[in-house]
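First listed ligand is number 1; within each ligand, the first listed atom is number 1.
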Amino acid sequence: MIRSVVRGFGSCLPKRIVTNKDLEEQVATSDEWIVQRTGIRQRYIAGEGETTASLGEGAAREALASAGLSVDDIDMIIVATSTPDNTFPAVAVNIQNRLGMHHGFAFDVQAVCSGFVFAMTTADNYIRSSMVRRVLVIGAETFSRILDWNDRTTCVLFGDGAGAVVLEAMEGDGTAADRGILSASLRSDGAHQDKLYVDGGPSTTGTIGHLRMQGREVFKHAVGMITDVIIDAFDRAGLTAADLDWLVPHQANRRIIEGSAKKLDIPMEKVVITVDLHGNTSAASIPLALASAAADGRIKQGDLVMLEAMGGGFTWGAVLLRW
Ligand code: ACO
């Protein structure tokens with residue numbers, strides 16, 4: 001049975017760090033309020049010349065180097081993003097060109113904060129059908145460019161960045177002991193689209209618009225939705241939370257992460273947290289967290305890792321893999 005195994009990983013953050021103290025000078029907020037409600041202490045904000053594609057390119061180059069591969073070895077690129085450089089073409093073809101790759105194919109997926117989970121699942125299906133052998137899966141965002149910097153209820157929450165992995169086809173036994181993606185669970189329900197959205201777009205206002213969110217409503221649904229897909233992914237693989245080595249959640253908010261871990265009886269020592277350093281980087285947050293925990297040696301070959309996210313739409317999903 002073909003499995004999609006993570007062969008390399010990488011990340012790229014903008015140069016500029018913006019602390020909570022810095023934001024105190026911009027809107028009526030405080031470091032204490034932000035830390036207490038979200039766990040965020042700082043975020044990286046893209047400057048001139050830094051875009052979703054340039055950050056994605058940086059993460060992709062690092063992932064290729066860590067895999068010991070070149071673009072010649074890659075068949076397909078998927079970018080998860082809701083903040084493309086242009087309405088079209090896709091960020092993925094922009095990155096393909098930046099990398100000097102002129103074979104294969106590339107496209108974007110848009111599932112907001114769940115984008116990386118949806119992109120991993122998409123790549124896994126292309127690999128398992130034998131259509132491709134190696135895929136660069138990238139999560140890249142510049143949410144700072146769609147924030148209303150006068151709205152303190154949203155502008156303090158988000159940051160920019162990119163992370164990437166190289167997924168590679170590998171023969172497995174078809175058991176839960178295999179390396180690679182073991183199972184996944186995806187959901188969406190557009191009935192919630194008014195709770196977290198951007199109030200513009202090419203087909204409506206002709207502008208890019210600003211992010212709008214009913215924070216309490218998102219919070220209310222988050223833990224239940226996240227834990228449902230995690231349990232479904234465990235069930236599909238015949239495993240339980242007791243088997244898990246690492247939970248790598250979407251980094252929206254420390255309280256949502258802690259609530260989900262508690263409900264599943266996963267100790268916080270097994271949870272990768274980067275929200276304090278990066279803020280919410282939407283589709284980039286999981287690959288950024290993965291890259292940091294793999295680079296410092298926490299996630300090791302053979303470890304069982306659960307990725308999970310929930311975001312605008314709502315969309316939500318989980319991917320269970322053995323590193
Ligand atoms: N600084 C200071 N005060 C603030 C700020 C701020 N940045 N933002 C809001 N407040 C005030 C409000 O105006 C309100 O004041 P009032 O009581 O005088 O009206 C008070 O703080 C409480 O506001 P709430 O919105 O009720 O605060 P809550 O405890 O719900 O926390 C938060 C807000 C952090 C957004 C929370 O609802 C949350 O975490 N929601 C989840 C949303 C999320 O994480 N979204 C990320 C995108 S979705 C995703 O990635 C899953």
Keeping to residues at least two apart or across chains, list the ring-ring contact (aromatic ring centres under 6.0 Å, His included) pairs with something in residues 98-119. F105-Y126

Residue, atom name and distance, where the atom is the protein heavy atom closest to atom 47 (C) of ligand 1: N280 ND2, 3.4 Å

Among non-hydrogen protein atoms, atom 50 (O) of ligand 1 lies closest to H250 NE2, 2.8 Å

How close does the nearest protein non-hydrogen atom get to atom 45 (N) of ligand 1, and which residue and atom is it? M213 SD, 3.1 Å

Is E57 salt-bridged to R61, going by a charged N under 4.0 Å from an acidic O? yes

Closest approach of any protein heavy atom to atom 25 (O) of ligand 1, naming residue and atom: R216 CG, 4.3 Å

Among I230, I231, D232, the one residue meeting side-chain contact (heavy atoms from CB on, under 4.5 Å) with F234: I230

For atom 32 (C) of ligand 1, is there a protein heavy atom at a distance under 4.0 Å? no

Starting from atom 38 (C) of ligand 1, which protein heavy atom do you reach first, and at what distance in Å? F219 CD1, 3.4 Å

Which heavy atom of the protein is the closest neighbour of atom 27 (O) of ligand 1, given with residue, atom name and distance? R37 NH1, 3.1 Å

With D178 via salt bridge (Lys or Arg N to Asp or Glu O under 4.0 Å) - residues at least two apart: R3

Any idea which protein heavy atom is nearest atom 15 (O) of ligand 1, and the distance to it? R152 NH2, 4.1 Å

